[in-house]
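Along the sequence shown, residues carry numbers from 1.
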Amino acid sequence: FNSDAKVHVINSSPDLWGNWSPKEAIDAAEQHNVWSTGRHHLYPTTDQPAMDLPNGMGEAALDLATRVILPSIASAFDTSLERLHFKDMFLAKYEPTGQSGLGRHTDGSAFSFNMLLSDPKLDFEG
């Protein structure tokens with residue numbers, strides 16, 4: 001864990017999302033229902049690869065990440081967009097009766113991003 005790491009919070013407008021919808025992505029992941037706990041050995045998550053999502057959501061996720069997220073990372077960290085690529089892009093599932101979170105850790109990439117798909121006003125208590 002690197003406590004000196006630079007962190008940026010980037011907000012984007014849903015107008016930029018194209019065919020991507022957080023709710024539809026969650027629905028597609030639940031419909032696909034191929035959750036794994038063995039893809040990340042040091043910090044396992046209950047997850048599935050974004051590209052495996054059905055109903056066009058996998059392609060929409062990659063499109064959003066390529067058009068919006070990678071350029072945002074390049075700008076925020078003053079690095080060349082051409083240097084950036086996806087090593088792994090997945091949807092992690094956290095729930096009170098299953099995996100409820102993930103401890104502090106360092107990812108295996110120079111840059112990483114998290115995108116909240118849940119609705120904070122509807123899906124959380126406390």
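- In this pair, Phe86 and Phe113 present their aromatic rings perpendicular. The plane angle is above 60°, beyond the 30 to 60° band.
- The distance from the CG atom of Leu91 to the OG1 atom of Thr46 is 12.5 Å, given to the nearest 0.5 Å.
- Interatomic distance, CG of Leu62 versus CZ of Arg67, reported as 10.5 Å (0.5 Å rounding).
- Residues Phe90 and Met57 fall into different hydrophobic clusters, defined by Ile, Leu, Val, Met, Phe, Trp and Tyr side chains chained together at heavy-atom separations under 4.5 Å.
- Residues Trp35 and Glu30 meet the side-chain proximity criterion, which asks for heavy atoms closer than 4.5 Å.
- Leu102 and Phe111 fall into different hydrophobic clusters, defined by Ile, Leu, Val, Met, Phe, Trp and Tyr side-chain heavy atoms under 4.5 Å apart, directly or through other members.
- The structure places CD1 of Ile26 at 6.5 Å from CG of Asp123, a figure rounded to the nearest 0.5 Å.
- Considering only heavy atoms from C-beta on, Tyr94 stays 4.5 Å or farther from Ser118 through its side chain.
- Atoms OG1 and NZ, from Thr45 and Lys93 in turn, are 12.5 Å apart once rounded to the nearest 0.5 Å.
- Although no hydrogens or angles enter the test, the distance criterion places a donor-acceptor pair under 3.5 Å between the side chain of Gln48 and the main chain of Ala29.
- Within the 4.5 Å cutoff, no side-chain heavy atoms of His105 are placed close to those of Leu42.
- Here the side chain of Gln99 pairs no donor or acceptor atom with the backbone of Asp47 at under 3.5 angstrom.
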Evaluate side chain to side chain donor-acceptor pair (under 3.5 Å) for Glu95 paired with Thr97, printing each intermediate quantity in order.
CA-CA 6 Å; Glu95 53 191 353; Thr97 58; 4.6 Å; no
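- Side-chain atoms of Asp63 do not come within 3.5 Å of backbone N or O of Glu59 as any donor-acceptor pair.
- Closest approach of Met115 to Leu64, counting heavy atoms only: CE-CD2, 3.8 Å.
- Residues Ala74 and Ser80 share a closest heavy-atom pair of CB-C, 4.4 Å.
- When every heavy atom of Pro71 is checked against every heavy atom of Ala65, the shortest pair comes out as CD-O, 4.3 Å.
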Run the side chain to side chain contact (heavy atoms under 4.5 Å, CB included) check on Asp107 and Lys87 step by step: do they pass?
CA-CA 11 Å; Asp107 288 337; Lys87 181 178 178 181; over 6 Å; no
Test side chain to side chain contact (heavy atoms under 4.5 Å, CB included) on Glu24 and Asn55; report intermediate values, then the result.
CA-CA 9 Å; Glu24 288 181 34; Asn55 305 327; over 6 Å; no
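- Between the CG atom of Leu117 and the CG atom of Asp27 there is a distance of 11.0 Å, given to the nearest 0.5 Å.
- Ion pair Arg39/Asp88 flagged as a salt bridge, since at least one NZ, NE, NH1 or NH2 atom sits closer than 4.0 Å to an Asp/Glu carboxylate oxygen.
- How far CG of Leu53 is from CE of Met89: 8.5 Å, rounded to the nearest 0.5 Å.
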